[in-house]
Amino acid sequence: MSSNKLLEVDNLNVYYGNIHAIKGVSLNVCEGEIVSLIGANGAGKTTTLQTISGLLKAKTGSVKFNGKELTKMEAHNILKCGIAQVPEGRRVFANLTVKENLEMGGITVKDTSENKKAEIEEIYKRFPRLEERKKQTAGTLSGGEQQMLAIGRALMSRPKILLLDEPSMGLSPMLVKEIFKIIKDVNESGVTVLLVEQNAKMALSISDRAYILETGKVSRSGDAHSLMEDDAIKKAYLGA
Amino acid sequence: MFASIMEQLINGLRTGSIYALIAIGYTMVYGIAKMINFAHGDVIMVGAYALYVCIGVYKLPVLPSVIITCIFCSVLGVVLEKVAYKPLRNAPPLAVLITAIGMSYLLQSASLLIFGATPIPFSSIINVKSIVVGGITISGITIVTLIVTIIAMIILTLFINKTKAGASMRAVSEDRGAAELVGINVNKTISMTFAIGSFLAAIAGILFICQYESLKPTLGALPGIKAFVAAVLGGIGSIPGAMVGGVILGIIESLSKAYISTQLSDAIVFGVLVVVLLVKPTGLLGKIKKEKV
(Lines give C-alpha, C1' and ligand atoms only; values in the text may rest on other atoms or scores of the structure.)
Protein backbone atom coordinates (compact mmCIF):
# COMPACT_ATOMS: atom_id res chain seq x y z
CA MET A 1 0.00 0.00 0.00
CA SER A 2 1.42 3.36 -0.92
CA SER A 3 1.44 6.18 1.61
CA ASN A 4 0.66 8.77 -1.03
CA LYS A 5 -1.86 11.15 0.53
CA LEU A 6 -4.84 11.42 -1.81
CA LEU A 7 -7.20 13.47 0.34
CA GLU A 8 -6.02 15.89 2.99
CA VAL A 9 -8.43 17.77 5.20
CA ASP A 10 -6.69 20.36 7.33
CA ASN A 11 -8.14 22.28 10.27
CA LEU A 12 -11.62 22.46 8.74
CA ASN A 13 -14.24 24.74 10.31
CA VAL A 14 -17.83 24.65 9.07
CA TYR A 15 -20.80 26.60 10.40
CA TYR A 16 -24.56 26.27 10.00
CA GLY A 17 -25.48 29.90 10.58
CA ASN A 18 -24.12 30.50 14.07
CA ILE A 19 -23.67 26.85 14.93
CA HIS A 20 -20.07 25.74 14.79
CA ALA A 21 -20.59 22.23 13.41
CA ILE A 22 -17.05 21.21 12.47
CA LYS A 23 -14.35 22.45 14.78
CA GLY A 24 -10.92 22.13 13.30
CA VAL A 25 -11.16 18.64 11.81
CA SER A 26 -8.04 17.29 10.15
CA LEU A 27 -7.83 13.95 8.47
CA ASN A 28 -6.21 12.30 5.52
CA VAL A 29 -6.81 9.34 3.25
CA CYS A 30 -4.01 7.62 1.39
CA GLU A 31 -4.36 6.04 -2.01
CA GLY A 32 -5.90 2.57 -1.88
CA GLU A 33 -7.07 2.78 1.72
CA ILE A 34 -10.44 2.33 3.31
CA VAL A 35 -10.74 4.94 6.04
CA SER A 36 -13.75 5.20 8.34
CA LEU A 37 -15.19 8.22 10.03
CA ILE A 38 -17.12 7.03 13.04
CA GLY A 39 -19.30 8.92 15.45
CA ALA A 40 -22.73 9.34 16.97
CA ASN A 41 -25.61 11.30 15.47
CA GLY A 42 -24.74 14.96 15.17
CA ALA A 43 -21.00 14.44 15.50
CA GLY A 44 -20.43 16.11 12.15
CA LYS A 45 -19.72 13.14 9.91
CA THR A 46 -22.15 14.08 7.14
CA THR A 47 -21.15 17.74 7.39
CA THR A 48 -17.53 16.76 6.84
CA LEU A 49 -18.38 14.71 3.75
CA GLN A 50 -20.65 17.41 2.33
CA THR A 51 -17.89 19.97 2.76
CA ILE A 52 -15.42 17.74 0.95
CA SER A 53 -17.95 17.32 -1.88
CA GLY A 54 -18.57 21.05 -2.07
CA LEU A 55 -22.25 21.06 -1.01
CA LEU A 56 -21.29 23.04 2.08
CA LYS A 57 -18.66 25.75 2.23
CA ALA A 58 -15.99 25.77 4.91
CA LYS A 59 -15.40 28.96 6.86
CA THR A 60 -11.70 28.22 7.28
CA GLY A 61 -9.39 25.32 6.64
CA SER A 62 -8.52 23.41 3.54
CA VAL A 63 -9.47 20.30 1.65
CA LYS A 64 -6.80 19.13 -0.75
CA PHE A 65 -7.17 16.36 -3.29
CA ASN A 66 -3.96 15.27 -4.98
CA GLY A 67 -2.57 18.54 -3.68
CA LYS A 68 -5.34 20.61 -5.32
CA GLU A 69 -7.40 22.94 -3.12
CA LEU A 70 -11.14 22.14 -3.28
CA THR A 71 -12.81 24.47 -0.79
CA LYS A 72 -13.59 27.18 -3.33
CA MET A 73 -14.73 24.82 -6.09
CA GLU A 74 -18.29 24.04 -7.11
CA ALA A 75 -19.65 20.57 -6.46
CA HIS A 76 -19.75 19.45 -10.09
CA ASN A 77 -16.11 20.46 -10.58
CA ILE A 78 -15.04 18.62 -7.43
CA LEU A 79 -16.68 15.52 -8.85
CA LYS A 80 -14.66 15.96 -12.04
CA CYS A 81 -11.46 15.83 -9.95
CA GLY A 82 -12.38 12.25 -9.03
CA ILE A 83 -14.37 12.50 -5.79
CA ALA A 84 -17.79 10.86 -5.84
CA GLN A 85 -20.19 10.66 -2.95
CA VAL A 86 -22.89 8.14 -2.12
CA PRO A 87 -25.10 10.37 0.00
CA GLU A 88 -26.87 9.55 3.23
CA GLY A 89 -30.29 8.05 2.61
CA ARG A 90 -29.13 7.00 -0.90
CA ARG A 91 -30.99 9.84 -2.62
CA VAL A 92 -31.43 8.07 -5.93
CA PHE A 93 -33.65 9.95 -8.39
CA ALA A 94 -36.90 8.15 -7.63
CA ASN A 95 -38.72 9.25 -10.80
CA LEU A 96 -35.86 8.40 -13.12
CA THR A 97 -35.28 4.85 -14.31
CA VAL A 98 -32.36 2.80 -13.03
CA LYS A 99 -30.61 3.31 -16.35
CA GLU A 100 -31.22 7.07 -16.30
CA ASN A 101 -29.86 7.25 -12.76
CA LEU A 102 -26.67 5.58 -13.93
CA GLU A 103 -26.47 7.88 -16.95
CA MET A 104 -26.77 10.88 -14.64
CA GLY A 105 -23.90 9.46 -12.61
CA GLY A 106 -21.70 9.53 -15.69
CA ILE A 107 -22.77 12.97 -16.84
CA THR A 108 -19.39 14.59 -16.16
CA VAL A 109 -17.45 11.92 -18.03
CA LYS A 110 -16.33 12.98 -21.47
CA ASP A 111 -16.31 9.81 -23.51
CA THR A 112 -17.97 8.16 -26.48
CA SER A 113 -21.47 6.82 -25.97
CA GLU A 114 -20.18 3.28 -26.65
CA ASN A 115 -17.73 3.54 -23.78
CA LYS A 116 -20.40 4.96 -21.53
CA LYS A 117 -22.68 2.09 -22.43
CA ALA A 118 -19.89 -0.34 -21.64
CA GLU A 119 -19.47 1.40 -18.32
CA ILE A 120 -23.13 0.85 -17.49
CA GLU A 121 -22.73 -2.82 -18.47
CA GLU A 122 -19.85 -3.03 -15.98
CA ILE A 123 -22.11 -1.69 -13.26
CA TYR A 124 -24.78 -4.24 -14.22
CA LYS A 125 -22.16 -6.97 -13.96
CA ARG A 126 -21.33 -5.84 -10.45
CA PHE A 127 -25.02 -5.49 -9.53
CA PRO A 128 -27.02 -7.98 -11.61
CA ARG A 129 -30.21 -6.99 -9.81
CA LEU A 130 -29.95 -3.51 -11.26
CA GLU A 131 -29.88 -4.92 -14.77
CA GLU A 132 -33.10 -6.84 -14.13
CA ARG A 133 -34.71 -3.58 -13.08
CA LYS A 134 -33.03 -1.16 -15.49
CA LYS A 135 -36.28 0.13 -16.96
CA GLN A 136 -38.03 0.56 -13.60
CA THR A 137 -38.04 3.89 -11.84
CA ALA A 138 -35.63 3.97 -8.93
CA GLY A 139 -38.44 4.69 -6.48
CA THR A 140 -39.80 1.18 -6.98
CA LEU A 141 -36.57 -0.50 -5.84
CA SER A 142 -36.04 -1.98 -2.40
CA GLY A 143 -33.73 -0.21 0.06
CA GLY A 144 -30.82 -2.52 -0.68
CA GLU A 145 -31.26 -2.15 -4.43
CA GLN A 146 -31.41 1.63 -4.07
CA GLN A 147 -28.15 1.54 -2.12
CA MET A 148 -26.57 -0.52 -4.91
CA LEU A 149 -27.90 1.97 -7.44
CA ALA A 150 -26.50 4.89 -5.43
CA ILE A 151 -23.09 3.20 -5.36
CA GLY A 152 -23.33 2.34 -9.05
CA ARG A 153 -24.32 5.89 -9.89
CA ALA A 154 -21.32 7.23 -7.98
CA LEU A 155 -18.98 4.76 -9.71
CA MET A 156 -20.20 5.97 -13.11
CA SER A 157 -18.14 9.14 -12.67
CA ARG A 158 -15.00 6.96 -12.51
CA PRO A 159 -13.92 8.27 -9.10
CA LYS A 160 -10.49 7.91 -7.55
CA ILE A 161 -12.10 8.15 -4.14
CA LEU A 162 -15.59 7.16 -3.09
CA LEU A 163 -17.19 8.87 -0.10
CA LEU A 164 -19.95 6.76 1.43
CA ASP A 165 -22.35 8.26 3.94
CA GLU A 166 -24.04 5.64 6.16
CA PRO A 167 -24.47 2.98 3.50
CA SER A 168 -25.84 0.55 6.09
CA MET A 169 -28.66 2.84 7.18
CA GLY A 170 -32.07 1.19 7.25
CA LEU A 171 -30.88 -2.10 5.77
CA SER A 172 -31.30 -5.61 7.19
CA PRO A 173 -28.15 -7.26 8.66
CA MET A 174 -27.94 -9.53 5.61
CA LEU A 175 -27.97 -6.59 3.23
CA VAL A 176 -25.52 -4.65 5.38
CA LYS A 177 -23.08 -7.53 4.95
CA GLU A 178 -23.66 -7.53 1.22
CA ILE A 179 -23.13 -3.77 0.94
CA PHE A 180 -19.91 -3.95 2.95
CA LYS A 181 -18.67 -6.74 0.73
CA ILE A 182 -19.40 -4.53 -2.26
CA ILE A 183 -17.46 -1.67 -0.67
CA LYS A 184 -14.52 -4.00 -0.13
CA ASP A 185 -14.72 -5.17 -3.76
CA VAL A 186 -14.87 -1.62 -5.04
CA ASN A 187 -11.79 -0.79 -2.98
CA GLU A 188 -9.96 -3.83 -4.33
CA SER A 189 -10.71 -2.69 -7.85
CA GLY A 190 -8.58 0.39 -7.11
CA VAL A 191 -10.94 2.97 -5.65
CA THR A 192 -9.97 4.61 -2.37
CA VAL A 193 -12.81 4.75 0.16
CA LEU A 194 -13.79 7.20 2.88
CA LEU A 195 -16.62 5.63 4.82
CA VAL A 196 -18.91 7.37 7.29
CA GLU A 197 -20.72 4.98 9.59
CA GLN A 198 -22.63 4.63 12.82
CA ASN A 199 -22.22 0.90 12.55
CA ALA A 200 -18.70 1.11 13.93
CA LYS A 201 -18.14 -2.63 14.16
CA MET A 202 -18.84 -3.26 10.49
CA ALA A 203 -16.94 -0.19 9.42
CA LEU A 204 -13.83 -0.99 11.43
CA SER A 205 -13.86 -4.58 10.21
CA ILE A 206 -13.20 -3.55 6.62
CA SER A 207 -11.16 -0.39 7.25
CA ASP A 208 -7.43 0.21 7.32
CA ARG A 209 -7.70 3.26 9.55
CA ALA A 210 -10.41 5.23 11.30
CA TYR A 211 -11.16 8.59 12.85
CA ILE A 212 -13.59 8.98 15.73
CA LEU A 213 -15.61 12.19 15.55
CA GLU A 214 -17.24 13.71 18.64
CA THR A 215 -19.22 16.97 18.56
CA GLY A 216 -17.35 18.29 15.56
CA LYS A 217 -13.84 17.28 16.64
CA VAL A 218 -11.63 14.29 15.98
CA SER A 219 -11.28 12.62 19.36
CA ARG A 220 -9.28 9.55 18.35
CA SER A 221 -7.65 8.15 15.29
CA GLY A 222 -5.52 5.21 14.40
CA ASP A 223 -5.44 1.93 12.56
CA ALA A 224 -8.75 0.13 12.59
CA HIS A 225 -7.49 -2.99 14.28
CA SER A 226 -6.10 -1.26 17.36
CA LEU A 227 -9.20 0.94 17.67
CA MET A 228 -11.31 -2.19 17.69
CA GLU A 229 -9.27 -3.53 20.60
CA ASP A 230 -9.41 -0.27 22.54
CA ASP A 231 -11.56 -0.59 25.66
CA ALA A 232 -13.00 2.94 25.65
CA ILE A 233 -13.99 2.59 22.02
CA LYS A 234 -15.42 -0.84 22.57
CA LYS A 235 -17.59 0.57 25.32
CA ALA A 236 -18.75 3.66 23.47
CA TYR A 237 -19.16 2.39 19.91
CA LEU A 238 -18.98 -1.36 19.72
CA GLY A 239 -21.50 -2.22 22.41
CA ALA A 240 -19.18 -4.49 24.35
CA MET B 1 -77.26 24.51 -29.38
CA PHE B 2 -74.78 21.68 -29.95
CA ALA B 3 -72.83 23.73 -32.50
CA SER B 4 -72.71 26.68 -30.15
CA ILE B 5 -71.35 24.57 -27.28
CA MET B 6 -68.78 23.05 -29.61
CA GLU B 7 -67.69 26.49 -30.73
CA GLN B 8 -67.30 27.62 -27.15
CA LEU B 9 -65.33 24.49 -26.35
CA ILE B 10 -63.00 25.17 -29.25
CA ASN B 11 -62.60 28.79 -28.17
CA GLY B 12 -61.81 27.54 -24.71
CA LEU B 13 -59.27 25.14 -26.13
CA ARG B 14 -57.57 28.03 -27.93
CA THR B 15 -57.37 30.28 -24.86
CA GLY B 16 -56.51 27.26 -22.76
CA SER B 17 -53.59 26.25 -24.92
CA ILE B 18 -52.11 29.74 -24.56
CA TYR B 19 -52.54 29.44 -20.77
CA ALA B 20 -50.93 26.02 -20.94
CA LEU B 21 -47.87 27.34 -22.79
CA ILE B 22 -47.41 30.00 -20.13
CA ALA B 23 -48.20 27.64 -17.26
CA ILE B 24 -45.42 25.28 -18.36
CA GLY B 25 -42.94 28.08 -17.70
CA TYR B 26 -44.25 28.63 -14.18
CA THR B 27 -44.32 24.96 -13.37
CA MET B 28 -40.86 24.14 -14.79
CA VAL B 29 -39.22 27.02 -12.96
CA TYR B 30 -41.01 26.01 -9.77
CA GLY B 31 -39.97 22.40 -10.19
CA ILE B 32 -36.32 23.22 -10.65
CA ALA B 33 -35.64 26.51 -8.88
CA LYS B 34 -38.43 26.08 -6.27
CA MET B 35 -39.69 29.60 -6.82
CA ILE B 36 -42.64 31.30 -8.49
CA ASN B 37 -41.39 33.63 -11.19
CA PHE B 38 -44.09 36.30 -11.09
CA ALA B 39 -42.33 38.18 -13.87
CA HIS B 40 -43.15 35.28 -16.20
CA GLY B 41 -46.39 36.90 -17.35
CA ASP B 42 -44.47 39.99 -18.36
CA VAL B 43 -42.16 37.95 -20.55
CA ILE B 44 -45.28 37.39 -22.70
CA MET B 45 -45.71 41.14 -22.90
CA VAL B 46 -42.04 41.61 -23.86
CA GLY B 47 -42.52 38.94 -26.54
CA ALA B 48 -45.53 40.78 -27.91
CA TYR B 49 -43.63 44.08 -28.09
CA ALA B 50 -40.56 42.39 -29.56
CA LEU B 51 -42.71 41.01 -32.36
CA TYR B 52 -44.24 44.44 -32.87
CA VAL B 53 -40.79 46.05 -33.08
CA CYS B 54 -39.61 43.46 -35.62
CA ILE B 55 -42.68 43.62 -37.82
CA GLY B 56 -44.22 47.04 -37.15
CA VAL B 57 -41.05 49.11 -36.80
CA TYR B 58 -38.30 47.30 -38.74
CA LYS B 59 -40.69 45.70 -41.26
CA LEU B 60 -38.98 42.32 -41.05
CA PRO B 61 -40.70 39.28 -42.55
CA VAL B 62 -42.82 37.13 -40.27
CA LEU B 63 -40.60 34.10 -39.79
CA PRO B 64 -37.39 35.95 -38.79
CA SER B 65 -39.49 38.18 -36.54
CA VAL B 66 -40.94 35.18 -34.73
CA ILE B 67 -37.49 33.62 -34.34
CA ILE B 68 -35.96 36.88 -33.06
CA THR B 69 -38.84 37.28 -30.60
CA CYS B 70 -38.43 33.77 -29.20
CA ILE B 71 -34.66 34.12 -28.85
CA PHE B 72 -34.98 37.57 -27.29
CA CYS B 73 -37.39 36.27 -24.65
CA SER B 74 -35.22 33.22 -23.90
CA VAL B 75 -32.23 35.49 -23.33
CA LEU B 76 -34.37 37.79 -21.21
CA GLY B 77 -35.45 34.84 -19.05
CA VAL B 78 -31.86 33.72 -18.53
CA VAL B 79 -30.68 37.27 -17.73
CA LEU B 80 -33.59 37.74 -15.31
CA GLU B 81 -32.56 34.61 -13.45
CA LYS B 82 -28.86 35.47 -13.39
CA VAL B 83 -29.35 39.07 -12.26
CA ALA B 84 -32.35 38.87 -9.96
CA TYR B 85 -32.84 35.32 -8.70
CA LYS B 86 -29.44 33.64 -8.65
CA PRO B 87 -28.03 35.90 -5.90
CA LEU B 88 -31.05 34.87 -3.81
CA ARG B 89 -30.59 31.11 -4.29
CA ASN B 90 -30.27 30.55 -0.54
CA ALA B 91 -32.41 33.49 0.58
CA PRO B 92 -35.78 33.07 2.33
CA PRO B 93 -38.66 32.40 -0.11
CA LEU B 94 -40.32 35.71 0.73
CA ALA B 95 -37.30 37.67 -0.54
CA VAL B 96 -37.41 35.75 -3.81
CA LEU B 97 -41.16 36.29 -4.14
CA ILE B 98 -40.87 40.04 -3.60
CA THR B 99 -37.98 40.22 -6.06
CA ALA B 100 -40.08 38.40 -8.66
CA ILE B 101 -42.93 40.87 -8.20
CA GLY B 102 -40.37 43.67 -8.46
CA MET B 103 -39.03 42.27 -11.73
CA SER B 104 -42.58 42.10 -13.04
CA TYR B 105 -43.07 45.82 -12.34
CA LEU B 106 -39.63 46.59 -13.76
CA LEU B 107 -40.51 44.99 -17.10
CA GLN B 108 -43.91 46.69 -17.20
CA SER B 109 -42.45 50.09 -16.36
CA ALA B 110 -39.66 49.66 -18.89
CA SER B 111 -42.13 49.05 -21.69
CA LEU B 112 -44.29 51.91 -20.43
CA LEU B 113 -41.24 54.18 -20.73
CA ILE B 114 -40.27 52.92 -24.16
CA PHE B 115 -43.66 52.49 -25.80
CA GLY B 116 -45.99 54.66 -23.73
CA ALA B 117 -49.35 53.84 -22.18
CA THR B 118 -51.48 54.24 -25.28
CA PRO B 119 -52.40 50.83 -26.66
CA ILE B 120 -50.64 50.14 -29.96
CA PRO B 121 -52.73 48.42 -32.63
CA PHE B 122 -51.18 45.35 -34.15
CA SER B 123 -52.58 43.33 -36.99
CA SER B 124 -52.36 39.56 -36.71
CA ILE B 125 -49.57 37.84 -38.58
CA ILE B 126 -51.69 34.74 -39.00
CA ASN B 127 -53.52 34.71 -42.30
CA VAL B 128 -55.13 31.32 -42.26
CA LYS B 129 -58.69 30.99 -43.48
CA SER B 130 -61.27 29.70 -41.07
CA ILE B 131 -62.79 26.31 -41.77
CA VAL B 132 -66.28 24.97 -41.26
CA VAL B 133 -66.63 21.44 -39.94
CA GLY B 134 -70.16 20.09 -39.56
CA GLY B 135 -71.64 23.55 -39.13
CA ILE B 136 -68.97 24.64 -36.63
CA THR B 137 -66.68 27.49 -37.68
CA ILE B 138 -63.10 27.24 -36.54
CA SER B 139 -61.10 30.42 -37.04
CA GLY B 140 -57.65 30.43 -38.62
CA ILE B 141 -56.00 31.71 -35.46
CA THR B 142 -57.57 28.87 -33.49
CA ILE B 143 -56.20 26.30 -35.91
CA VAL B 144 -52.71 27.82 -35.79
CA THR B 145 -52.79 28.19 -31.99
CA LEU B 146 -53.81 24.57 -31.49
CA ILE B 147 -51.27 23.19 -33.95
CA VAL B 148 -48.41 25.31 -32.60
CA THR B 149 -49.25 24.38 -29.01
CA ILE B 150 -49.50 20.67 -29.77
CA ILE B 151 -46.16 20.71 -31.60
CA ALA B 152 -44.49 22.69 -28.79
CA MET B 153 -45.81 20.25 -26.20
CA ILE B 154 -44.72 17.16 -28.10
CA ILE B 155 -41.22 18.56 -28.57
CA LEU B 156 -41.02 19.59 -24.91
CA THR B 157 -42.23 16.20 -23.69
CA LEU B 158 -39.71 14.38 -25.88
CA PHE B 159 -36.96 16.72 -24.72
CA ILE B 160 -37.75 16.22 -21.03
CA ASN B 161 -38.19 12.45 -21.23
CA LYS B 162 -35.78 11.33 -23.91
CA THR B 163 -32.68 13.52 -23.71
CA LYS B 164 -29.82 13.68 -21.22
CA ALA B 165 -30.48 17.38 -20.65
CA GLY B 166 -34.12 16.58 -19.93
CA ALA B 167 -33.16 13.83 -17.50
CA SER B 168 -30.81 16.18 -15.70
CA MET B 169 -33.66 18.68 -15.39
CA ARG B 170 -35.84 15.99 -13.86
CA ALA B 171 -32.99 15.03 -11.55
CA VAL B 172 -32.44 18.61 -10.34
CA SER B 173 -36.17 19.05 -9.86
CA GLU B 174 -36.31 15.94 -7.71
CA ASP B 175 -33.23 16.45 -5.53
CA ARG B 176 -30.94 19.37 -6.17
CA GLY B 177 -28.32 18.24 -3.65
CA ALA B 178 -28.05 14.75 -5.11
CA ALA B 179 -27.93 16.25 -8.60
CA GLU B 180 -24.97 18.40 -7.57
CA LEU B 181 -23.29 15.32 -6.12
CA VAL B 182 -23.49 13.40 -9.38
CA GLY B 183 -21.97 16.41 -11.11
CA ILE B 184 -24.97 17.95 -12.82
CA ASN B 185 -24.27 21.64 -13.37
CA VAL B 186 -27.25 23.01 -11.47
CA ASN B 187 -26.73 26.62 -12.54
CA LYS B 188 -26.69 25.59 -16.17
CA THR B 189 -29.81 23.48 -15.67
CA ILE B 190 -31.65 26.39 -14.04
CA SER B 191 -30.62 28.73 -16.88
CA MET B 192 -31.85 26.19 -19.41
CA THR B 193 -35.19 25.98 -17.59
CA PHE B 194 -35.65 29.74 -17.69
CA ALA B 195 -34.70 29.77 -21.37
CA ILE B 196 -37.25 27.09 -22.27
CA GLY B 197 -39.98 28.63 -20.13
CA SER B 198 -39.43 32.06 -21.66
CA PHE B 199 -39.27 30.60 -25.17
CA LEU B 200 -42.73 29.10 -24.64
CA ALA B 201 -43.92 32.39 -23.12
CA ALA B 202 -42.77 34.17 -26.28
CA ILE B 203 -44.81 31.77 -28.41
CA ALA B 204 -47.77 32.38 -26.10
CA GLY B 205 -47.24 36.13 -26.41
CA ILE B 206 -47.23 35.95 -30.20
CA LEU B 207 -50.40 33.86 -30.29
CA PHE B 208 -51.98 36.14 -27.71
CA ILE B 209 -51.54 39.40 -29.64
CA CYS B 210 -52.56 37.78 -32.88
CA GLN B 211 -55.83 37.19 -31.10
CA TYR B 212 -56.23 40.56 -29.34
CA GLU B 213 -54.42 42.72 -31.89
CA SER B 214 -53.49 45.42 -29.40
CA LEU B 215 -50.42 46.04 -27.23
CA LYS B 216 -50.16 47.62 -23.82
CA PRO B 217 -47.53 47.26 -21.08
CA THR B 218 -49.87 45.34 -18.77
CA LEU B 219 -51.06 42.85 -21.36
CA GLY B 220 -49.12 39.99 -19.74
CA ALA B 221 -50.52 40.45 -16.26
CA LEU B 222 -53.90 38.75 -16.55
CA PRO B 223 -52.90 35.80 -18.78
CA GLY B 224 -49.85 35.48 -16.52
CA ILE B 225 -51.87 35.17 -13.35
CA LYS B 226 -54.39 32.85 -15.01
CA ALA B 227 -51.60 30.62 -16.27
CA PHE B 228 -50.24 30.58 -12.73
CA VAL B 229 -53.67 29.44 -11.57
CA ALA B 230 -53.60 26.79 -14.31
CA ALA B 231 -50.21 25.56 -13.10
CA VAL B 232 -51.44 25.29 -9.51
CA LEU B 233 -54.68 23.69 -10.67
CA GLY B 234 -52.77 21.02 -12.59
CA GLY B 235 -50.26 20.54 -9.76
CA ILE B 236 -47.34 22.94 -9.58
CA GLY B 237 -44.11 21.28 -10.68
CA SER B 238 -45.86 18.88 -13.05
CA ILE B 239 -45.56 19.60 -16.78
CA PRO B 240 -48.52 17.45 -17.86
CA GLY B 241 -50.40 19.11 -15.00
CA ALA B 242 -49.70 22.55 -16.45
CA MET B 243 -50.92 21.42 -19.87
CA VAL B 244 -54.13 19.92 -18.47
CA GLY B 245 -54.66 22.81 -16.05
CA GLY B 246 -54.30 25.38 -18.83
CA VAL B 247 -56.78 23.67 -21.12
CA ILE B 248 -59.33 23.12 -18.35
CA LEU B 249 -59.03 26.73 -17.27
CA GLY B 250 -59.51 28.00 -20.82
CA ILE B 251 -62.60 25.86 -21.34
CA ILE B 252 -64.15 26.86 -18.01
CA GLU B 253 -63.51 30.50 -18.82
CA SER B 254 -64.99 30.27 -22.29
CA LEU B 255 -68.08 28.34 -21.18
CA SER B 256 -68.79 30.64 -18.25
CA LYS B 257 -68.37 33.69 -20.48
CA ALA B 258 -70.86 32.27 -22.96
CA TYR B 259 -73.45 30.77 -20.65
CA ILE B 260 -73.14 32.41 -17.24
CA SER B 261 -71.74 35.91 -17.32
CA THR B 262 -68.83 37.69 -18.94
CA GLN B 263 -68.21 39.69 -15.79
CA LEU B 264 -68.25 36.66 -13.54
CA SER B 265 -66.03 34.44 -15.69
CA ASP B 266 -62.80 35.40 -13.93
CA ALA B 267 -64.42 34.89 -10.53
CA ILE B 268 -65.57 31.45 -11.65
CA VAL B 269 -62.06 30.58 -12.86
CA PHE B 270 -60.50 31.51 -9.54
CA GLY B 271 -63.38 29.83 -7.69
CA VAL B 272 -62.57 26.56 -9.43
CA LEU B 273 -58.99 26.88 -8.18
CA VAL B 274 -60.22 27.31 -4.60
CA VAL B 275 -62.43 24.24 -4.87
CA VAL B 276 -59.71 22.07 -6.42
CA LEU B 277 -57.20 23.10 -3.77
CA LEU B 278 -59.72 22.32 -1.03
CA VAL B 279 -60.37 18.85 -2.40
CA LYS B 280 -56.86 18.06 -3.66
CA PRO B 281 -54.25 20.48 -2.32
CA THR B 282 -51.52 19.13 -4.59
CA GLY B 283 -53.53 20.01 -7.72
CA LEU B 284 -54.93 17.59 -10.28
CA LEU B 285 -51.69 15.83 -11.28
CA GLY B 286 -49.42 17.02 -8.48
CA LYS B 287 -47.51 14.51 -6.45
CA ILE B 288 -47.23 14.48 -2.71
CA LYS B 289 -43.57 14.52 -1.85
CA LYS B 290 -42.88 11.43 0.15
CA GLU B 291 -40.36 11.85 2.92
CA LYS B 292 -38.51 8.60 3.29
CA VAL B 293 -36.04 8.11 6.10
Side-chain angles (χ1 to χ4, degrees), chain A residues 17 46 49-50 52-57 73-97 99-110 113 116 137-139 143 146 149-150 152-159 162-163 165-166 169-170, chain B residues 27-28 30-32 34 82 86-87 89-92 95 157-193 235-242 282-283 285-293:
Chain A
T46 297
L49 279 201
Q50 298 218 327
I52 296 171
S53 288
L55 286 189
L56 292 171
K57 293 289 164 220
M73 282 167 73
E74 283 187 89
H76 62 266
N77 289 325
I78 291 178
L79 188 97
K80 278 183 207 158
C81 295
I83 302 180
Q85 191 189 134
V86 180
E88 185 178 2
R90 311 181 268 271
R91 288 169 79 173
V92 291
F93 301 116
N95 296 323
L96 272 63
T97 63
K99 187 162 169 272
E100 283 174 330
N101 266 279
L102 293 175
E103 283 169 353
M104 287 297 108
I107 200 158
T108 52
V109 179
K110 298 250 177 300
S113 57
K116 283 191 169 186
T137 54
Q146 287 190 5
L149 179 58
R153 184 179 67 179
L155 289 176
M156 283 297 293
S157 69
R158 301 178 190 171
L162 192 62
L163 315 178
D165 196 349
E166 304 262 7
M169 194 169 72
Chain B
T27 223
M28 282 176 77
Y30 179 82
I32 286 172
K34 298 287 175 278
K82 286 256 184 285
K86 195 180 165 205
R89 202 61 67 72
N90 298 313
T157 307
L158 289 177
F159 175 79
I160 298 285
N161 292 316
K162 299 285 173 213
T163 67
K164 281 260 171 68
S168 57
M169 288 172 91
R170 282 181 287 144
V172 174
S173 136
E174 199 176 309
D175 187 337
R176 190 195 288 179
E180 276 184 69
L181 278 181
V182 302
I184 295 172
N185 187 336
V186 171
N187 284 329
K188 216 170 93 185
T189 310
I190 291 177
S191 292
M192 190 162 68
T193 308
I236 190 94
S238 154
I239 294 175
T282 51
L285 301 181
K287 277 186 211 132
I288 302 162
K289 206 177 173 196
K290 273 178 261 165
E291 296 286 343
K292 216 172 177 183
V293 182

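Chain A is the first sequence line, chain B the second, and so forth, proteins listed ahead of strands; every chain is numbered from 1.
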Which portion of [X] sits near chain B, non-hydrogen atoms under 4.5 angstrom:
X: R91(A); result: both
X: A150(A); result: neither
X: V86(A); result: neither

In the structure I gave you, are the side-chain heavy atoms of [X] and [Y] within less than 4.5 Å of one another anywhere?
X: T163(B); Y: L158(B); value: no
X: L79(A); Y: V182(B); value: no
X: M104(A); Y: I184(B); value: yes

Legend entry - Region of N187(B) in contact with chain A, defined by heavy-atom distances below 4.5 Å: side chain
Output the option from [options] having the highest count of non-hydrogen pairs under 4.5 Å with chain B.
options: L163(A), T108(A), I107(A); result: I107(A)
options: L55(A), N101(A), I83(A); result: L55(A)
options: Q50(A), E100(A), E74(A); result: E100(A)

Legend entry - R176(B) with E180(B): basic N within carboxylate O range, under 4.0 Å: no
Inset, instruction - For E174(B) and N95(A), indicate whether the former's side chain and the latter's backbone hold a donor-acceptor pair under 3.5 Å. - result: yes
Legend entry - Straight-line distance of T46(A) OG1 to Q85(A) CD, nearest 0.5 Å: 8.0 Å
